[in-house]
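Below is one structure, written out as C-alpha cells; the observations come after it.
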Amino acid sequence: MASDNASFKRDVAEARRLGIMGGTFDPIHYGHLVTAEVARVKFHLDVVVFVPSGVPPHKHGVEISPGRDRYMMTVLATATNPHFEVSRIEMDRPGPSYTVDTISEFRTRCRPGTQLFFITGADAAVEILTWKDAQELLRMCAFIVATRPGYCTTRLEAELERARAVSTHGIFVVEVPALAISSTDIRARVRQGDPIRYLLPESVENYIRKAGLYL
Ligand code: NAP
C-alpha cells in the first residue's frame, strides 16, 4: 500500500461495510489471514484493513518487534488479496494505540453510514470492558471475535454478554480452525530453530530470516 491517504481515497473510503483487523501481528500468520477472509465473506465486508498496533495498550514491559517490521510483514502477507489493505494509523499515532481512537479516525475518514466491524482475537476481546472508553467504543462499531479451536468460551460469553448490553452494533463470535496457529508459537519455533514453513506466507518467513527476528 502506498500510503494511508491514498488507500483511504480508494476502496477504504468508499466501503459501505468495512472490517478493521486489529492485532500486534508479531508475526502475522495464516490464522490471521483466514480470520480476516472468513469475516469478510460471512459479514459481507467490502474491504478488511489490517491495523498493526503501534504501542499495544496492555503490553507494558512485554517485548515486541519494532512497528516497522510488523507493518512490513503485514503488507507482505496481505499483498495477494485485493480485498485486504494495511493501515499505518496506529504506527503513526504517538502514545498507546487505543482502539477507540482508531475507530474514531476511521469513522471520520469513511463515508457517512459506513458500518464498521472491529475484528480481533478472543483473548483480547474478553477484556473489552476494561478498554479505554469501552462504553463509547461499543456504540461505535460491531465486533467480530475470533476463537481458536478448543477455546473455552465460558468467560468470554459472560463478558461479551455484559458488553452486548451496551453495544449498539452487535458482537459476534466466530471459531476459526486456522487459529490453531499462533504468533507466540511461531516466535518460539524460530528461537528453537524449528520449522515455520506453512504456518505463514513464505514472504513473511523470508522477512523474519532476513531481519533476524525472534532469535
Ligand atoms: P494479544 O494479546 O496479542 O492477542 C490476544 C489473542 O488474540 C492472541 O491469542 C492472538 O493470537 C489473538 N489475536 C490477536 N489479534 C487477532 C486478530 N486480529 N485475529 C485473530 N486473532 C487475533 O492482543 P493484541 O494483538 O495486543 O490486541 C488485539 C487488538 O485489540 C489490537 O488491535 C489492540 O490494539 C486491541 N486492544 C485495545 C485495547 C484498548 O483500546 N484499550 C486493549 C487491548 C487490546 P496471536 O498471538 O497469534 O496473534
Side-chain angles (χ1 to χ4, degrees), residues 19-40 42-43 45 48-65 67 70-71 73-74 77-78 84-93 95-106 116-138 140-141 143-153 155-156 159-160 163 171-190 196 199-200 204 208 213-214:
I20 300 168
M21 176 83 171
T24 308
F25 304 133
D26 192 19
I28 189 163
H29 52 66
Y30 280 129
H32 299 129
L33 295 168
V34 171
T35 299
E37 186 66 0
V38 165
R40 183 182 76 76
K42 193 173 167 75
F43 295 90
L45 308 178
V48 177
V49 187
F50 286 67
V51 183
S53 301
V55 181
H58 60 306
K59 288 196 171 169
H60 307 290
V62 178
E63 199 182 318
I64 59 167
S65 303
R70 293 182 290 108
Y71 173 77
M73 290 189 282
T74 308
T78 54
F84 289 174
E85 292 282 355
V86 186
S87 170
R88 294 187 52 89
I89 214 165
E90 294 192 354
M91 303 269 126
D92 295 341
R93 197 170 62 224
S97 305
Y98 294 117
T99 302
V100 69
D101 299 333
T102 302
I103 299 295
S104 298
E105 211 167 326
F106 273 97
L116 303 181
F117 296 75
F118 187 76
I119 310 163
T120 199
D123 285 335
V126 76
E127 309 282 352
I128 198 164
L129 286 165
T130 69
W131 292 13
K132 185 183 170 228
D133 299 333
Q135 309 267 325
E136 186 189 344
L137 175 62
L138 286 162
M140 290 167 75
C141 66
F143 283 79
I144 301 172
V145 178
T147 63
R148 304 195 134 93
Y151 182 89
C152 175
T153 55
R155 181 172 164 234
L156 178 72
E159 292 299 317
L160 294 188
I171 303 176
F172 310 96
V173 177
V174 179
E175 189 184 287
V176 181
L179 275 177
I181 302 170
S182 90
S183 300
T184 307
D185 176 55
I186 290 173
R187 293 194 300 272
R189 283 173 166 275
V190 173
I196 56 170
L199 299 177
L200 35 60
V204 178
I208 290 170
L213 299 179
Y214 314 128

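First listed ligand is number 1; within each ligand, the first listed atom is number 1. Because the structure is predicted, anything quoted here is derived from the model rather than measured. The figures that follow rest on heavy atoms only: side chains count, while hydrogens, waters and symmetry mates do not. Numbers here simply count residues along the sequence, with the first being 1.
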Go ahead and list the nitrogen or oxygen contacts between ligand 1 and the protein that come in under 3.5 Å, distances to 0.1 Å, or just say none.
unit_1	atom_1	unit_2	atom_2	d
ligand 1	2 (O)	His58	NE2	3.4
ligand 1	3 (O)	Lys59	NZ	2.6
ligand 1	9 (O)	Arg148	NH1	2.5
ligand 1	11 (O)	Arg148	NH1	3.4
ligand 1	11 (O)	Arg148	NH2	3.3
ligand 1	15 (N)	Gly22	O	3.4
ligand 1	18 (N)	Gly22	O	2.9
ligand 1	25 (O)	Thr24	N	2.9
ligand 1	25 (O)	Thr24	OG1	2.9
ligand 1	26 (O)	Thr24	OG1	2.9
ligand 1	26 (O)	His58	NE2	3.3
ligand 1	32 (O)	Gly23	N	3.3
ligand 1	40 (O)	Thr99	N	3.0
ligand 1	41 (N)	Lys132	N	3.4
ligand 1	47 (O)	His29	NE2	2.8
ligand 1	47 (O)	Arg148	NH2	3.0
ligand 1	47 (O)	Ser183	N	2.8
ligand 1	47 (O)	Ser183	OG	3.2
ligand 1	48 (O)	His32	NE2	2.7
ligand 1	48 (O)	Ser183	OG	3.4

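Here His32 pairs with Phe25, His29 under the ring-ring contact (aromatic ring centres under 6.0 Å, His included) rule; sequence neighbours left out. Residues meeting the salt bridge (Lys or Arg N to Asp or Glu O under 4.0 Å) test with Asp133, sequence neighbours left out: none. Residues satisfying the ring-ring contact (aromatic ring centres under 6.0 Å, His included) test with Phe84, not counting sequence neighbours, are Phe50.
In Lys132, the NZ atom is crowded: over 12 heavy atoms of neighbouring residues, nucleotides or ligands sit closer than 6.0 Å.
You'll find the side chain of Leu129 reaches within 4.5 Å of the side chain of Glu159, heavy atoms only.
Side-chain contact check for Thr102 and Arg93: at least one donor-acceptor pair (N or O, by modelled atom type) lies under 3.5 Å.
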